[in-house]
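What follows is a set of notes on a single structure, which appears directly below.
Hydrogens, waters and symmetry mates play no part in the numbers below; they use all other heavy atoms, side chains included. Keep in mind it's a predicted model, so treat the numbers as computed, not measured. In each ligand, atom 1 is the first atom listed, and ligand 1 is the first ligand listed.
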Amino acid sequence: MSNQAQQRIEELRKQILEHDYKYYVLAEPVISDEEYDSLIKELEKLESEYPNLITPDSPTQRIGKDLNKDFKPVQHKIPMLSLANTYSEEDLLDFDRRVREGLPDSEKIEYMVELKIDGASVSIRYVNGYLKTAATRGDGVIGEDITSNVKTIKSVPLKLKKLLSDSSSLRDIEVRGEIYMKLDDFLKMNKERETAGEKLFANPRNSAAGTLKLQDPRIVAKRKLSMFSYSIISDEDDLGTQAENLIILKDLGFIVNSESKLCFNINEALEICHVLESKRESLLYEIDGAVIKVNSLRQQKILGNIAKSPRWAVAYKFKARQAYSILKDITWQVGRIGTVTPVAELEPVFLSGSTISRATLHNFDEIKRKDIRIGDKVIVEKGGDVIPKIIGVVLNERNKKSKPVNPPSKCPVCNSNLFKPEEEVAWYCENSECLAQIRGRLEHFAARGAMDIEGLGEALINLFVEKRFLNTYDEIYNLKNHRDELINIERLGEKSIDNLLNAIEKSKKQPFAKILFALGIRYVGAGAAKKLASFFNSIDDLIAASEEEILGIHEIGKSISDSIKTFFSNTKNLEIIERLKSAGLNFYTEKKTIKNGALFDKTFVLTGTLSGFSREDAGDKIISMGGKVTSSISNKTDYVVAGDKPGSKLDKAKALGIKVINEKEFIEMLNG
Ligand code: IVH
C-alpha cells in the first residue's frame with residue numbers, strides 16, 4: 001500500500017510542480033483552480049497518512065509553520081555587489097571607454113541590456129538541484145537566511161527543472177535575482193492595509209523587502225511576490241556569456257525578464273535604454289533603470305571589480321518621475337525636537353505607484369527661494385522611497401490669485417515663541433512640553449527600529465496624549481494600570497487594548513542599542529546608537545563618559561557627543577531613564593552569545609579600502625560580534641585592518657607594534 005501511495009505522491013508532486021510552473025512562470029495555466037486545489041488536497045491527505053514520505057521539495061512544504069525567530073547569517077559564494085549609477089549618455093560612453101581600456105585592443109565587446117527591477121535582491125543556493133538556502137543581500141558578503149519565506153514564492157523552483165547530471169558545473173549554484181511585487185498587487189495590499197488601519201508601504205520595493213523579513217511564512221505566502229532571475233554563479237568555470245546564462249536560467253525553471261537585449265556596441269545599448277525607459281509606464285512592475293553588462297563572462301573576469309561594484313556593469317538610472325499638481329495650502333508641522341517644517345498640501349495626484357497629497361518643503365528658505373505660492377501649479381517628484389518633493393513652480397501658468405506664504409510667528413501647535421539658531425535655516429518651537437513635541441517623541445519611541453511597539457502608532461498616541469494618559473516615555477509602561485479606563489475609551493475594545501498591552505510588555509526585551517535610539521537624543525540615529533551601546537555596555541557608563549571617550553568611537557563626531565552631554569545634563573531625562581529602568585527595560589548590552597568569539601572586546605581600527613565591504617559595513621560586523629571600532633590608533637587598539645592604499649595609520653600601527661591584518665585574515669576572523 002505504502003508503495004502505491006509513494007507512487008501516487010510522486011505523480012501528484014510532479015503534476016503540481018508542472019502546473020505551478022505553467023501558471024506562475026509561463027503564465028499559461030492549463031487547468032482550473034478547482035482542479036489544481038483537488039490535486040493539492042489529495043497530496044496533503046496522502047502525506048498526512050504517510051508522513052515519512054514528506055520531502056522538502058514537496059509543494060505542500062512551500063509554506064512552513066515555524067516562525068522565523070532570527071534570520072541566520074549566510075555567506076554568499078561570491079560577494080553580492082552593487083552597481084555604479086550613470087544618468088546620461090556621457091556617463092555611459094565613459095563606462096564603455098573604461099571597459100575598452102580594461103581589455104586588450106583586439107577584444108570585441110558586446111553588452112547585455114536588462115531592466116533594473118525595483119525590488120529586493122536575493123541569492124538562492126541549489127545543491128544537487130534542490131533549493132537549499134535563500135538569503136538577502138545583507139552587507140554583500142553575508143546575508144540573512146530567508147529560506148522559509150522565499151520557498152513560499154511559487155515562481156521560485158524548489159527543484160530545478162532540468163536534470164543536472166550532464167552538467168557538473170550546475171551541481172552547486174547560486175541563482176540571483178530580484179524579488180518584487182507587481183504594481184496592482186501592491187496597490188491592492190495597501191488598500192487592505194488602509195482599511196485595517198495598518199501602516200502603508202511607501203512603494204512596491206519596500207513592500208517586497210518588508211515581506212521577505214516577516215516572521216510568519218504563512219503571511220508571506222499570502223502576499224503575492226515574484227522573482228526575475230538574472231544571474232547564476234557556479235564554482236566551476238564553464239559558463240560562457242550573460243545571454244547564455246539567461247537561457248540556462250530559463251531552462252532551469254526561473255522567470256527571466258523578457259525585455260533583455262544583446263547589443264553589439266554602446267550606442268546600441270544606449271538606444272535600448274531609451275526604448276526601455278519609454279516602456280516604463282506600461283509595465284506591470286516598477287523599474288528604476290536599465291543594467292548594462294559586458295556579455296562575455298571571460299571579459300567580466302578580466303575587468304574585475306572596484307570596491308563594491310563591478311567594472312563590467314553599470315546601472316543607467318531613469319529620470320525620477322514627475323507630475324503636476326496644485327498647491328492648495330501650506331501647513332506647518334512641529335517635529336519631536338521642535339522643528340517647524342512647512343508641508344505642501346496638494347491636489348491628490350497619482351505618481352509611481354501611489355497617490356500623493358502631501359509633500360515636504362523642508363524649510364521656509366526653500367519656499368522663498370523657489371517662490372512657491374498657494375494656488376500655484378507645482379511640479380512634484382518622487383525619487384526612490386523618499387517623501388515626494390516640490391521641484392518648482394510652473395511660473396508661466398501662475399494664477400493672479402496665488403498667495404505668497406508667510407512663516408508662522410508662533411508655534412502653530414502651542415503658540416509658544418519660535419527661535420532660529422544662527423547656523424541653521426530651521427525654526428524651532430521653544431517649548432519642549434509642546435503637545436506636538438510630546439507626540440513626536442512618543443511616536444519615535446514606539447516606532448519600528450526603536451521600541452517596536454506594535455499598535456502604538458500616531459492615532460493612538462494622539463488619543464492617549466489628548467486624554468492625558470501619556471506624556472513621557474515611562475508612562476507607556478504604566479498604561480497597564482489603566483486597562484479598564486482605556487477599554488472604555490470609545491472605539492477601543494478589550495481585545496485591541498490587551499494586544500497593545502502585550503506589545504508594550506514585549507518591548508521591554510528590546511536590546512540596549514534600540515532603547516538608546518528610542519530615547520530620541522538628537523543626532524543619535526540607529527547606527528550611532530548601536531556603536532555607542534556596544535562601546536559603553538551600559539547607560540550608566542555612557543552617562544559617565546568623558547567627551548574624549550565618546551569622540552574616540554569610530555564615526556562619532558562632535559555634534560553627537562555634544563548632544564549626548566546636553567541630553568544627560570537634563571535631570572528630567574535622567575528621571576525618565578530611572579523610571580524606565582524600574583519598569584524593567586534593559587540598559588546594558590548583552591554580549592553573552594558572542595563572548596567566545598575572536599572579536600569579543602577587541603578594539604579595531606580600519607584603514608584603506610576593503611574590496612568586499614565598505615568600512616561602515618566592516619565596522620557593523622565587528623560591533624555585531626562584540627568588538628569595538630575606533631577611528632584612531634592608541635595603545636588600546638588590538639588590530640588594524642589594512643585594506644588597499646592604507647593611510648598613515650598603518651605606519652603608526654607598526655611603530656606601536658600593533659597587529660596588522662589584511663582583508664582575507666579579517667574575513668577568516670569573522671567566520672571564526
Ligand atoms: S546585476 C554586480 N541585474 O540592482 C551585478 N541587478 O545595485 C549586480 N537589480 O542589488 C546585479 N535588476 O538587486 C543586476 N537585471 C539586473 C537587476 C539588478 C535589479 C538590482 C540588484 C542589485 C542592484 C544593483
Inset, instruction - Keeping to residues at least two apart or across chains, list the side chain to side chain donor-acceptor pair (under 3.5 Å) pairs with something in residues 241-255. - result: E114-Q242
Inset, instruction - Quick one: look up the protein heavy atom nearest atom 7 (O) of ligand 1 and list residue, atom name and how far away it is. - result: L83 N, 3.0 Å
Inset, instruction - Step through the shown structure and confirm whether more than 12 heavy atoms of other residues, nucleotides or ligands are within 6.0 Å of NZ on K530. - result: no
Legend entry - Nearest neighbour in protein (non-hydrogen) for atom 10 (O) of ligand 1: S121 OG, 3.6 Å
Inset, instruction - Give the contacting part of E114 toward ligand 1: side chain, backbone, both or neither, where contact means a heavy-atom distance below 4.0 Å. - result: side chain
Inset, instruction - For atom 20 (C) of ligand 1, find the nearest protein heavy atom and state the residue, atom name and distance (0.1 Å precision). - result: E178 OE1, 3.4 Å
Inset, instruction - Tell me, please: is L115 in heavy-atom contact with ligand 1, that is, under 4.0 Å? - result: yes
Legend entry - Closest protein heavy atom (residue, atom, distance) for atom 3 (N) of ligand 1: K293 NZ, 2.9 Å
Legend entry - Ligand-side contact atoms (ligand 1) for residue partner S82, heavy atom cut-off under 4.0 Å: 7 (O)
Inset, instruction - Could you note down all residue pairs passing ring pair (Phe, Tyr, Trp, His ring centres under 6.0 Å) where residues 100-123 supplies at least one of them, sequence neighbours left out? - result: F95-Y111
Inset, instruction - Distance to 0.1 Å, residue and atom name: give those for the protein heavy atom nearest to atom 17 (C) of ligand 1. - result: Y230 CE2, 3.5 Å
Inset, instruction - Measure the distances from the heavy atoms of P310 to every atom of ligand 1 and state whether one is below 4.0 angstrom. - result: yes
Legend entry - Sidechain-backbone polar pair: Q299 side chain, K108 backbone, donor-acceptor under 3.5 Å: yes
Inset, instruction - Check the angle between the aromatic planes of F604 and Y639 and answer parallel, tilted or perpendicular using the 30° and 60° thresholds. - result: parallel
Inset, instruction - Spell out, as yes or no, whether a donor-acceptor pair under 3.5 Å connects the side chain of E259 to the backbone of L115. - result: no
Inset, instruction - Return the residue, atom name and 0.1 Å-rounded distance of the protein heavy atom closest to atom 12 (N) of ligand 1. - result: I117 N, 3.1 Å
Legend entry - Expected output: side-chain K161 to main-chain E18 donor-acceptor under 3.5 Å: no
